[in-house]
Amino acid sequence: MSQTILYGGTFNPIHKGHLEICVYAREAVDADRVLLMPAALPPHKFAGWLAPDQDRLAMCRLAVRDLELLQVSEYEIGRGGHSYTVDTLRELTVREPEERFWLLIGTDMFLTFTQWKDWQKIGRMASLLVASREEGDREQLRACQKALEKEGVASRLLENAPLPMSSTEIRRELRETGTSNKVLPQVLDYLQERGLYLHDPEELPYLREYIRPLMTDYRYRHSLGVEKQAACMAEQYGADVHKASLAGILHDVCKDMPKGPLLQNILESGIINGIDFAACPQLIHSYAGALYLQSHMEIHDPEVIDAVRYHTTARAGMSLLETIIYLADLTSEDREYGDVGVMRRLCQEDLRGAMIHTLTHTVGELSKRGKPICPDTREACKEYGVEIPTVNGGAI
Ligand code: ATP
């Protein structure tokens with residue numbers, strides 16, 4: 001019978017400890033392959049600063065480049081949302097019913113295994129293969145093994161010499177020194193070139209580089225334009241210029257990402273505000289962007305998060321920062337529509353007038369095209385006294 005070891009993790013970044021136990025485990029059970037599975041969103045812990053999915057995938061691929069029988073799978077990243085091992089194993093066992101699966105995990109994950117979603121089901125689909133992470137953790141591991149055995153979950157403890165290192169510690173080291181010998185040289189080259197983990201996450205020049213590969217050239221130019229316009233408006237109206245720049249650069253961070261996984265994140269978050277995203281796919285990126293800032297970038301400032309979330313729809317009771325980002329998005333230097341000059345002037349002279357002008361235009365266009373108008377935009381119209389034409393296709 002052919003055997004696969006599934007090895008899931010955040011791999012943020014992948015380090016020598018990960019690779020060493022892959023190789024060790026493969027030899028220990030004589031497996032035919034080890035499948036490295038970078039998670040989209042890790043369900044078991046707060047990820048901290050999470051490098052973009054494509055970067056974590058690229059680093060995993062570089063890391064296994066010269067290692068036989070190690071493969072990297074995009075499955076969980078492609079699925080999006082929280083990556084539950086039970087879903088992944090179900091998919092794998094359906095696809096390959098004849099395969100024997102092992103699930104490779106480290107001490108920390110083994111000791112908290114009964115907190116995993118559907119852990120008994122996982123135990124029915126795979127045997128656990130447990131790598132020691134620290135000297136002296138054996139006794140605890142054996143006790144845990146016995147307890148799980150009683151619940152029908154089989155496991156095997158590897159006799160590996162622990163390599164005590166973690167991605168958290170490596171991210172700290174990279175931030176402080178710019179380098180680390182705990183990742184492979186090709187991974188180090190990659191993350192240094194991309195500037196991953198090396199900067200204060202709110203440093204503006206770094207953020208400009210960060211977003212570049214996540215979007216098209218057009219969107220990138222637009223994001224820089226919105227940053228500039230938002231900073232200008234913040235200066236003029238006495239808002240926080242740094243927050244405006246931050247929200248400006250990042251407002252479209254998810255715009256060019258595949259919509260399926262983004263929608264999955266939104267549905268799991270439960271923040272839907274009465275929107276039917278299937279009917280309004282153009283709204284997905286702003287909601288997903290607000291979540292992305294929190295899940296990947298350690299940005300939790302509610303003002304910045306809301307400015308990104310409502311930059312497409314607007315809403316009633318918008319803060320000054322939200323208003324600035326909403327309007328800056330429409331008046332950045334790359335915008336070329338007919339009365340953009342009027343809008344730019346209004347933005348300089350009369351924010352309320354600019355909001356009324358924009359909302360009138362937006363709901364007019366949506367109505368003309370028979371498109372639904374979401375509840376937040378309706379509320380904003382009510383607040384600004386903008387009438388919604390009755391030909392509209394209905395609320396969503
Ligand atoms: P972080 O510090 O960001 O939490 P991590 O170093 O624990 O990350 P993950 O990608 O979360 O790395 O780990 C994936 C899997 O690898 C987990 O099962 C974890 O227990 C295991 N693991 C991580 N580092 C080691 C190590 N040095 N030795 C053995 N197992 C490890």
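Bear in mind the structure is a predicted one, so any value in this text is a computation, not a measurement. Residues: numbered from 1 along the sequence shown. For ligands, and for the atoms within them, numbers begin at 1 and follow the listed sequence. Values below: every heavy atom of this structure, side chains too, minus hydrogens, waters and symmetry copies.
Residue T168 approaches ligand 1 through these ligand atoms, each under 4.0 Å from one of its heavy atoms: 1 (P), 2 (O), 3 (O), 4 (O). Of all atoms in ligand 1, listed by their number and element, those nearer than 4.0 Å to a heavy atom of G8 are 14 (C), 15 (C). Ligand-side atoms of ligand 1 in range of Y7: 15 (C), 16 (O), 21 (C), 22 (N), range being under 4.0 angstrom from any heavy atom. Of all atoms in ligand 1, listed by their number and element, those nearer than 4.0 Å to a heavy atom of G9 are 10 (O), 14 (C). Of all atoms in ligand 1, numbered sequentially from 1 with element shown, those under 4.0 Å from a heavy atom of S167 are 1 (P), 2 (O), 3 (O), 5 (P), 6 (O), 8 (O), 12 (O). In summary, the atoms of ligand 1 found under 4.0 Å from a heavy atom of H15, numbered by their order in the structure, are 6 (O), 24 (N), 25 (C), 27 (N). When each atom of ligand 1 is checked for a heavy atom of R171 under 4.0 Å away, the hits are 3 (O).
Using a 4.5 Å cut-off on side-chain heavy atoms (C-beta onward), L158 and L104 make contact.
Here E169 has no heavy atoms under 4.0 Å from ligand 1, in either its backbone or its side chain. If you look at E20 next to ligand 1, there are no close heavy atoms at all, none under 4.0 Å.
No side-chain N or O of Y292 forms a donor-acceptor pair with one of N265 less than 3.5 Å apart. A side-chain donor-acceptor contact under 3.5 Å links T4 and E99.
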Using a 3.5 Å cut-off and no angle test, enumerate the donor-acceptor pairs between side-chain atoms of residues 354-364 and protein atoms at least two apart in sequence or in another chain.
| from | atom 1 | to | atom 2 | distance (Å) |
| --- | --- | --- | --- | --- |
| H357 | NE2 | D339 | OD2 | 2.9 |
| T358 | OG1 | A354 | O | 2.7 |
| T360 | OG1 | I356 | O | 2.5 |
| T362 | OG1 | T358 | O | 2.8 |

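Residue L104 has no N or O atom closer than 3.5 Å to an N or O atom of ligand 1. Between A131 and ligand 1, a contact under 3.5 Å exists for no N or O pair. Considering backbone and side-chain atoms alike, N12 places every N or O at 3.5 Å or more from each N or O of ligand 1.
More than 12 heavy-atom neighbours from other residues, nucleotides or ligands sit within 6.0 angstrom of CD on Q71.
Under the rule for a side chain to side chain contact (heavy atoms under 4.5 Å, CB included), the partners of H199 that lie at least two apart in sequence or sit in another chain are E203, Y206.
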